[in-house]
Visitor: 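Quick one: structure below, then a few questions.
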Amino acid sequence: MWTKSSRDGKRGGRRERSFGGWCVAFPRRVLIVAGLLCIVFACAASGLSERLSVGGFTASGTPSARAEAWATRFGADRPELVLVLRPSRRALDSPAVQAAGRRITERLAAERGVSRARSYWTEADEALRSADGRSALVLADLSGSETDTARTAQRLVPRYTEHGSLFAVRATGPAWSLAQSTEQARTDLVRAELIAAPLTFAILALAFRSLAAALLPVVVGGLSAVGALAVLRALTAVTDVSVFAVNLVGALGFGLAVDYALFIVARFREERARGLVPRAAAQASVATAGRTVAVSAGTVTAALAALLVFPFSFLRSMAYAGMAVVVLAALTAVVVLPAVLACWGPRVESLDPLARVRWAPPPTIGRDSPLWRAVARAVTRRPLWWGAACMLLLTVMVLPFGHGRLGLADERILPTGVEAHATADLVRREWGTPPEGTLAVVLPRADPDVDKAALDAYGRRLSALPGVRGAVTVTGRYVGGRRVGEARSQRALPDPRARSHPRTPPPDRRERGTVATVSMVPDPQSERAADLVHAVRGLPSPGPGHVAGWAAQVVDARHALTSRLPLAAALIAAGTMTVVFWFTRSVVIPLKVLAVAALSLTAALGGIVHVFQDGHLRWLVGDFTATGTLDMTIPLLLFSVAFGLSVDYELFLLSRIQEHYRATGDNTEAVVHGIARTGRLFTAAALAVAVAMGALASSGVLLLKELGFGLALAVVVDATAVRGVLVPAVMRLAGRANWWAPAPTRSPRHRRRRGPQPLADPDTSAPASVPVGPGQPPAAPPPTPAQAPQQ
């Protein structure tokens, strides 16, 4: 559509065809369409909460995942629901208690969604009795996916934990932990929004000096979040979408909305200060800051897409959610926001909340910051000293990451007072080895009758391994390499009800098979447990053996992560370098962007290791259980999201530096100008984004707490120490080499340039300050500061 840009807004002058011009030429149409789409998205997203999945933290397609399917066939998989029954008055073995315990077990086994239930009273297994002899366990195998088991537990537990006259019943287990984590995440989402929304709005109102302008990120964030939820609702028809993806959509969508709205509105104000009418200023903002928003969104999307290479359904769903909200936030910022600016015009500057109490003109977003200009001057005078000091700070922050240990999430991600966590702690104290502290070795080709001698020898070898408390096979119980008793009978064929489990392979009638159970001493997520898993897998067995259990899943998940990490890193590096090179036409700057972003984000990872793995600074983030490990999916998700945000800030800074450099040819002055012009903007954006992300740290779910704290720390460090000190120091040391590129890679437009290119004059009809394609430094000497055009 044809639009114009002129100082006085009268007809005439040169007109320009552009997408941004169409948006500001017909702003009401754009806003009407956006409103209708928002209604459509809201309707499409209805019913999303019922279709979200839980879990997805274990790796798929691994040996332990296949072994779990075999264990399910033989009823040897880890019970999804564990009930702790404690008689109120009578002894555990009294006739009344035994009869009541059997009734509860049989009633539970007959429930819909329960494939098998067993207890101390039905199995006569002393391992199901507590050390003090006053409590007993009821173990239930639930059918279906993790989401199905969580919903079954959510339906059954309230009915079985009602305090009766005979038993006090408490519940734990993976299914109940997932159910309570889901409910906690939903509650935390509301709390996080109640904390973040007013604080962020206050920050934006003070930064913009306008309540009207502070509403703009709300518009962008709301539209993008609703659209992303609609996309997730559509994805639930073809893949699993984690319940935690909704939390990420809220935090990331609002954070990016703040960033994009700040950058575009700041540019709009600059263009208005240059004399452009609102529609022309909005068009110029789209042509400059809007272009950078689009490039930034592409970079963030590429970083999140790298998560798709990992075999964790949780990470994949978070990647889908993140990519959807990033793309929609960028589209809203470059389409809807300019239309709002064109309609509101001068009203964007209205409703200053502190207008009556100010005694001096306030600093304005989008203008030079004297403080950041002074910092940039100091850094560029002594770039080596300042760069070394910043590197030392980041190195100190990254040191804890050297002893970081990765594990899998269990019930300890919940607060200690939540039933699933508290009951699991009780089981650990009373039973010594909880249900997840065992390994099941499925031997599908071993015949319990024909291979008795081989199974007896195998049980002895298993029990003699370091870290094994005891082993059980069909031939007996073994401790320390010796047989110490008879074993309870095992089913040779799978339970017919277990065949409906989606992970269960079809049964083979020719195979009888049996299971050997190994009770471990070390924590399932420790290195000793990993060594034990490798030892069990390497031990000769009667036929092929499949090792299942929580410790085996931890080992395989770590291997799946580390084996695909180079591919993910290569994809992130290739995508980032391609986008940044296209944006800057420089060879050096993309390498610098990668190095600086990786260093700053590794420092953030060191921060979460120090706080959550080592258990420090609880007063800052709230109480939690330090397990000595980090869930292995969180550092990956944190790195991808924070990397995208880091490059986001870098691109906006580079666009300012590059623009000034092309106009003056002075690299040092361009760096100072870019820092001064964006310093106040980055400070406000980082503070608002840190509040939006940091609100997740108030969550009771440890995974969300780690993610929120890590993202807030990464944004603050990146927007201050990295962007304010390290980047200008590196760019000052590199000098004109920053902008070098081989001749064939330069854009045809830039190959025709031979000297400094002045910034667009606001008196002309072209959009002001449109960045030109970068290339070789100008041959002509740069103008003096007095001659250089000012923005």
Visitor: Any donor and acceptor pair, going by atom type alone, linking the side chain of Ser646 with main-chain N or O of Ala642 inside 3.5 Å?
Guide: no

Visitor: If the condition is side chain to side chain contact (heavy atoms under 4.5 Å, CB included), which residues does Leu215 pass it with, not counting sequence neighbours?
Guide: Phe201

Visitor: Which heavy-atom pair separates Gly724 from Pro728 by the least distance, and what is that distance?
Guide: O-CG, 3.3 Å

Visitor: Taking only residues two or more places apart in sequence, or in another chain, which ones meet Leu31 in a side chain to side chain contact (heavy atoms under 4.5 Å, CB included)?
Guide: Val336, Ala339, Val340, Cys343

Visitor: Quick one, Arg279 and Pro27 - any side-chain contact, counting heavy atoms below 4.5 Å?
Guide: yes

Visitor: What are the two closest heavy atoms between Ala574 and Thr578, and how far apart are they?
Guide: O-OG1, 2.7 Å

Visitor: Answer yes or no: is there a side-chain heavy-atom contact under 4.5 Å between Val231 and Tyr320?
Guide: no

Visitor: Return the set of residues passing side-chain hydrogen bond (donor to acceptor under 3.5 Å, both in side chains) with Arg373 (not counting sequence neighbours), or none when no residue passes.
Guide: Asp368

Visitor: Just so I know, are the side chains of Lys592 and Val727 near enough to count as touching, which here means a heavy-atom distance under 4.5 Å?
Guide: yes

Visitor: Got a donor-acceptor contact below 3.5 angstrom from the Ser655 side chain to the Phe652 backbone?
Guide: yes

Visitor: With sequence neighbours excluded, what pairs up with Leu199 under the side chain to side chain contact (heavy atoms under 4.5 Å, CB included) test?
Guide: Ile195, Val691

Visitor: By salt bridge (charged side-chain N to carboxylate O under 4.0 Å, His left out), which residues pair with Arg29, not counting sequence neighbours?
Guide: none

Visitor: Please give me the minimum heavy-atom distance between Val596 and Arg723, naming the atom from each residue.
Guide: CG1-NH1, 4.0 Å

Visitor: Report the distance from atom CG of Leu307 to atom CG of Leu637, rounding to the nearest 0.5 Å.
Guide: 6.0 Å

Visitor: Looking at Val334 and Gly290, what are the two nearest heavy atoms and their distance?
Guide: CG1-O, 3.7 Å

Visitor: Is any side-chain heavy atom of Leu229 closer than 4.5 Å to a side-chain heavy atom of Phe41?
Guide: no

Visitor: Nearest 0.5 Å, what's the CD1-CG distance between Ile264 and Asp259?
Guide: 11.0 Å

Visitor: Angle class for the His660/His673 ring planes (parallel below 30°, perpendicular above 60°, tilted otherwise)?
Guide: parallel

Visitor: Rounded to the nearest 0.5 Å, how far does CZ of Arg585 lie from CH2 of Trp740?
Guide: 14.0 Å

Visitor: To the nearest 0.5 Å, what is the distance between CD1 (Ile589) and CG (Leu594)?
Guide: 12.5 Å

Visitor: How close do Ala282 and Ala342 get, counting heavy atoms only, and between which atoms?
Guide: CB-N, 4.4 Å

Visitor: Would you say Thr301's side chain and Ala297's backbone share a donor-acceptor pair under 3.5 angstrom?
Guide: yes

Visitor: If you apply the rule side-chain contact (heavy atoms from CB on, under 4.5 Å), what do you find for Leu711 with Val641, and how did you get there?
Guide: CA-CA 8 Å; Leu711 288 175; Val641 175; 3.7 Å; yes

Visitor: Give, for atom OG1 of Thr380 and atom CZ of Arg732, the distance between the pair rounded to the nearest 0.5 Å.
Guide: 6.5 Å

Visitor: Assess the residue pair Asp666 and Thr668 against the criterion (side-chain contact (heavy atoms from CB on, under 4.5 Å)); give the C-alpha distance rounded to whole Å, side-chain angles, the decisive distance to 0.1 Å, and a yes or no.
Guide: CA-CA 6 Å; Asp666 188 332; Thr668 301; 3.8 Å; yes

Visitor: Yes or no on side-chain contact (heavy atoms from CB on, under 4.5 Å) for Met731 and Ile657, after CA distance, side-chain angles and deciding distance?
Guide: CA-CA 10 Å; Met731 294 193 72; Ile657 296 175; 3.9 Å; yes

Visitor: Report yes or no: is the cationic atom of Arg291 (NZ for Lys, CZ for Arg) under 6.0 Å from the centre of the six-membered ring of Trp582, at an angle within 45° of the ring normal?
Guide: yes

Visitor: For Tyr649 and Ser296, what are the C-alpha separation, side-chain angles and deciding distance, and is it a side-chain contact (heavy atoms from CB on, under 4.5 Å)?
Guide: CA-CA 8 Å; Tyr649 289 150; Ser296 168; over 6 Å; no

Visitor: Compute whether any side-chain donor of one residue and acceptor of the other, for Asn738 and Tyr661, lie under 3.5 angstrom apart.
Guide: no

Visitor: Indicate yes or no for a side-chain donor-acceptor contact from Ser224 to the backbone of Gly221 under 3.5 Å, with no hydrogens or angles considered.
Guide: yes

Visitor: In sequence, state the C-alpha distance, the side-chain angles, and the governing distance for Glu270 and Arg656, and then conclude on salt bridge (Lys or Arg N to Asp or Glu O under 4.0 Å).
Guide: CA-CA 13 Å; Glu270 288 185 45; Arg656 289 296 193 170; 2.3 Å; yes

Visitor: Mind checking whether Phe583 and Pro590 have side chains closer than 4.5 Å, heavy atoms only?
Guide: no

Visitor: Does Leu654 reach the side chain of Val593, with side-chain heavy atoms less than 4.5 Å apart?
Guide: yes

Visitor: What I'd like to find out is whether the side chain of Val33 reaches to under 4.5 Å of the side chain of Leu37, using heavy atoms alone.
Guide: yes

Visitor: Would a distance-only check, ignoring hydrogens and angles, find a side-chain to backbone donor-acceptor pair under 3.5 Å from Ser285 to Phe268?
Guide: yes

Visitor: Is there a side-chain contact between Arg381 and Trp386, using heavy atoms and a 4.5 Å cut-off?
Guide: no

Visitor: Could you verify whether a donor N or O on one side chain and an acceptor N or O on the other, from Ser369 and Arg677, lie under 3.5 Å apart?
Guide: no

Visitor: Go through it in stages, so that I can follow the logic: the residues are Glu271 and Arg267, the test is salt bridge (Lys or Arg N to Asp or Glu O under 4.0 Å), and I'd like the CA-CA distance, side-chain angles, deciding distance and then a yes or no.
Guide: CA-CA 6 Å; Glu271 304 302 340; Arg267 193 70 188 223; 3.2 Å; yes

Visitor: For Thr683, check side chain to side chain contact (heavy atoms under 4.5 Å, CB included) against everything at least two apart and list the hits.
Guide: Trp372

Visitor: Taking all non-hydrogen atoms of both residues into account, name the closest pair between Ala303 and Phe643 and its distance.
Guide: CB-CD2, 4.1 Å

Visitor: Working to the nearest 0.5 Å, report the span between CG of Leu341 and CG of Leu216.
Guide: 6.0 Å

